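My questions will all concern the structure given below.
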Amino acid sequence: MSEIRILLTGYADGELGPEDRARVEEALAKDPELRKELAEMRKLKEATLGVDALADAEVEAFWGTVYNRLERRTAWILLLAGTAGVAGAGCYLFFTHEWAHWSVKLAGASGLLGTIVLVWSVWRERRRAMAHDRYAREVRR
Amino acid sequence: MAAAGRTEVVSADEQRAIARCQRGDREAFELIVRLYTARALAAAKAVVRDGALAEDAAQDAFVRAFRAIRRFRIGEPFYPWLYRILRNSCLTTLKRHGKPPPSLDAGNAPPTAAPPFDPAGNLAKEELRALVRDAMTELSDPHREILHLSHFEGLSYKEIADCLEIPIGTVMSRLWAARQALKKVLAPRMAGHE
């Protein structure tokens with residue numbers, strides 16, 4: 001790959017230091033092909049610069065969805081905390097009171113154990129996925 | 001219609017909004033979201049290549065950004081920080097939908113020489129823009145991504161380096177390789193428009 005052509009990219013984007021800029025300008029003065037390449041690059045960039053603007057309604061709808069997602073997180077935390085509290089109290093009553101037969105308590109314990117193993121397994125899988133995600137340090141999930 | 005490209009400087013209003021977001025103010029976050037929605041959607045689309053997935057990833061990125069905004073250092077450019085979160089969201093979205101993740105490597109392979117063409121030719125600016133956008137779908141993931149950041153977003157090399165977490169020298173060589181690849185894809189399409 002030609003070094004001067006790579007530098008030409010930086011030149012077209014206005015990103016070179018004075019020394020490299022002088023090298024490119026010297027090469028441009030001698031080589032008409034290089035001048036043509038520079039013109040192509042500049043025209044291409046000029047034609048593509050800018051991101052398509054969105055209609056106000058699209059931005060409004062987008063923000064609405066983001067806001068809902070932000071609020072739902074709080075709702076999920078409250079829901080999970082409430083469910084965990086009720087489930088804990090239910091378990092305590094279920095296992096400490098004598099009205100349930102031991103076989104029913106055994107079935108209840110089995111269901112509870114299954115739920116704990118499943119939750120732990122999903123959590124462990126997510127932890128493992130995060131450990132192998134090279135972008136995970138940017139945002140904690 | 002296209003919005004202006006490069007926005008290196010974070011305005012005072014934006015800085016104030018970010019500071020309010022860091023105190024948990026969701027109303028202030030609305031300004032940030034409105035300011036960056038178009039760019040985030042376009043960038044996500046360049047990574048995931050699907051409009052619906054791009055929207056999902058961009059929304060997810062803003063939610064994550066709000067949660068992580070306390071870690072953002074006021075005074076630094078905001079967009080590269082947001083972009084890294086967006087990129088992460090794109091990868092997660094692709095994974096969730098069972099799609100292959102974009103290739104993160106092979107962006108610096110020396111390309112073969114591209115045939116010459118005249119990008120101005122007989123084409124109007126909008127036609128050329130559409131052709132380029134279409135041609136970019138045929139490029140490798142790193143080439144498409146860096147071309148989007150440089151050409152459509154108009155980011156500086158420093159900002160691109162921050163977005164992609166690569167050295168500035170790599171930005172220049174990858175961009176050169178990407179432009180060569182783009183020219184190769186564009187040349188026959190341009191010929192069809194002459």
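Note that the coordinates shown come from a computational prediction; the quantities given were computed from them, not determined experimentally. In what follows, chains carry the letters A, B, and so on, assigned in the order in which the sequence lines appear, proteins first and then strands, with residues in each chain numbered from 1.
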*Is it the backbone or the side chain of A:Glu60 that comes under 4.5 Å from a heavy atom of chain B, or both, or neither?*
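Both parts, backbone and side chain.
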*Determine the interplanar angle of the B:Phe66 and B:Phe29 rings, folded into 0 to 90°, and report it as parallel if under 30°, tilted if 30 to 60°, perpendicular if over 60°.*
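B:Phe66 and B:Phe29: tilted rings.
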*Please check if any side-chain donor atom of B:Tyr83 sits under 3.5 Å from a side-chain acceptor atom of B:Glu145, or the reverse.*
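Short answer, yes.
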*B:Ser89 portion near chain A, given a 4.5 angstrom heavy-atom threshold*: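 When you check distances to chain A, no heavy atom of B:Ser89 falls under 4.5 Å.
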_Proximal component of B:Leu41, with respect to chain A [non-hydrogen, under 4.5 Å]_ =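 Side chain of B:Leu41 only, per the 4.5 Å heavy-atom cut-off to chain A.
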*Identify which part of B:Ala130 has an atom lying under 4.5 Å from any heavy atom of chain A, answering side chain, backbone, both or neither.*
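The answer is neither part of B:Ala130.
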*Against chain A, label B:Val33 side chain, backbone, both or neither, depending on which of its atoms sit under 4.5 Å from a heavy atom there.*
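Looking at B:Val33, just its side chain touches chain A.
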*asked:* Between A:Leu54, A:Leu8, A:Thr9, who has the most heavy-atom pairs with chain B when the cutoff is under 4.5 Å?
replied: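 Result: the option with the highest number of such pairs is A:Thr9.
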*Side chains of B:Glu153 and B:Tyr79: donor-acceptor distance under 3.5 Å anywhere?*
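Result is yes, a qualifying pair exists.
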_Exercise: do B:His143 and B:Arg179 side chains pair donor with acceptor under 3.5 Å_ =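 No, no side-chain donor-acceptor contact under 3.5 Å.
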_Pairing of B:Asp162 and B:Lys158 as salt bridge, 4.0 angstrom limit_ =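 Yes, B:Asp162 and B:Lys158 are salt-bridged.
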